[in-house]
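One-based numbering, in listed order, for ligands and for the atoms of each.
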Amino acid sequence: MSRVVNFNAGPATLPLAALEHTRDELLEFEGTGMSILEHSHRGSAYMRVHEECKVLLRELLAIPDTHEVIFMGGGASTQFALIPMNLANGGSADYVDTGTWSAGAMGEANIVAKARLAGSGKDGEKYVRVPKQADLDLDPNAAYVHITSNNTVMGSQYHDYPDTGSVPLIADMSSDILWRPTDISKFGLIYAGAQKNLGPAGVTVVIIRKDLAAKSPKSIPKIFRYSTMVDKDSMANTVPTFPVYMIRNVLQWVKAQGGAAAMETRNRAKAKMLYDVLDSSDFYKLTIEKDSRSVMNPVFNLATEALEKKLVADASAAGFVGIKGHRSVGGLRISMYNAMEPENVAKFCEFLTGWTKQNS
Ligand SMILES: *Cc1c(COP(=O)(O)O)cnc(C)c1O
């Protein structure tokens with residue numbers, strides 16, 4: 001077996017221990033005579049996994065009792081639509097535009113409500129920063145304020161979340177949930193497609209304040225209501241059992257590493273290693289302002305597209321895959337979610353330094 005170093009942005013690398021755990025019990029889950037893949041979502045075997053996954057999320061993120069955890073299908077993109085359907089009630093909601101995904105969320109919201117631009121990192125299409133508090137123009141009557149905490153495509157990240165007063169703050173944390181300890185009480189709703197920092201594709205984790213979940217209007221179909229999902233413990237239809245099981249295995253690994261605080265130390269160390277190399281030479285072009293840089297997805301360019309292509313090819317031949325930037329922006333992107341081992345980032349840094357000597 002030879003596993004490459006996988007810097008893909010999502011679906012992304014998973015902790016080896018979680019994959020091995022899954023492999024070891026794939027054919028028979030805990031003496032039940034069948035795979036977890038084959039169990040009923042309402043049976044006791046799966047229900048134990050479901051509960052354990054929620055308990056681990058609550059514990060690792062210190063989720064307060066004011067908030068519920070639900071698992072939903074449809075990816076983060078479905079939340080772009082469900083959030084305004086459930087919470088804007090045809091009125092106005094504030095959106096901060098920091099790139100591809102936040103613009104996508106805003107576009108969907110504009111179909112069922114009024115998405116008002118409350119701040120932007122756009123500044124001539126460049127998205128080189130996430131706006132600071134003073135740059136925001138918040139409507140005190142907005143239904144909520146929506147941000148994208150980590151901009152997976154642009155390579156920027158909020159390091160301090162905006163203060164939105166009594167207006168609920170909603171964050172798309174698809175690519176950085178659980179990257180560090182987070183004060184969940186500050187948020188009305190957090191959502192994250194699992195395939196970046198939590199597990200495989202196929203399930204989205206939604207953490208929602210109970211009073212907001214209760215607001216789902218009767219004018220939308222039941223299956224689209226947060227209230228239904230909360231009331232039915234995510235079982236309004238067949239919950240994606242295997243993805244939830246995989247998240248549980250990943251969370252067990254996170255816990256064994258020391259939890260969210262340990263993830264932060266590890267993630268900051270990886271980011272420092274790579275940014276130190278990238279900052280050491282003007283061979284690398286970094287456009288994101290330093291205090292908005294993403295710890296999860298550093299993004300950079302080389303002088304020419306041809307050089308970038310060569311780096312992608314040479315890195316792949318050396319066992320480092322997935323470093324090509326998103327097709328919409330080009331360049332290089334090194335995604336380093338929780339599961340990425342620091343020693344693999346160190347190896348990549350060594351490779352990159354040597355490659356640069358040969359190619360500059
Ligand atoms: C990947 C990503 C999405 C899209 O997720 P899907 O599950 O494919 O819908 C949305 N937001 C962010 C921040 C992402 O990184």
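Among protein heavy atoms, atom 11 (N) of ligand 1 sits closest to Asp172 OD2, 2.6 Å. The shortest contact between atom 14 (C) of ligand 1 and any protein heavy atom is with Lys196 NZ, 2.9 Å. Regarding atom 15 (O) of ligand 1, its nearest protein heavy-atom neighbour is Thr152 OG1, 2.5 Å. Among all non-hydrogen protein atoms, the one lying nearest atom 9 (O) of ligand 1 is Ser77 OG, 2.6 Å. The protein heavy atom nearest to atom 5 (O) of ligand 1 is Ala76 CB, 3.5 Å. Closest to atom 8 (O) of ligand 1 among all protein heavy atoms lies Gln195 NE2, 3.6 Å.
Close placement of the Phe71 and His50 rings is indicated, their centers lying within 6.0 Å of each other. You'll find the ring centres of His146 and Tyr95 inside the 6.0 Å limit.
At a heavy-atom cutoff of 4.0 Å, ligand 1 is contacted by the backbone of Asn150 but not by its side chain. With a 4.0 Å cut-off on non-hydrogen atoms, Phe80 touches ligand 1 through its side chain and not its backbone.
The atoms of ligand 1 that sit less than 4.0 Å from any heavy atom of Gly75 are 7 (O), 9 (O). Distances below 4.0 Å separate heavy atoms of Thr148 from the following atoms of ligand 1: 13 (C).
Using a 4.0 Å cut-off between charged side-chain N and carboxylate O, Arg116 and Asp137 make a salt bridge. With salt bridges taken as basic N to acidic carboxylate O contacts below 4.0 Å, none links Arg129 and Asp135. With respect to Arg248 and Glu25, a salt bridge is recorded, a charged nitrogen being found less than 4.0 Å from a carboxylate O.
The aromatic rings of Tyr161 and Tyr158 lie tilted to each other, with the angle between the two planes from 30° to 60°.
Residues Tyr284 and Thr356 have side chains that bring a donor and an acceptor to within less than 3.5 angstrom of each other.
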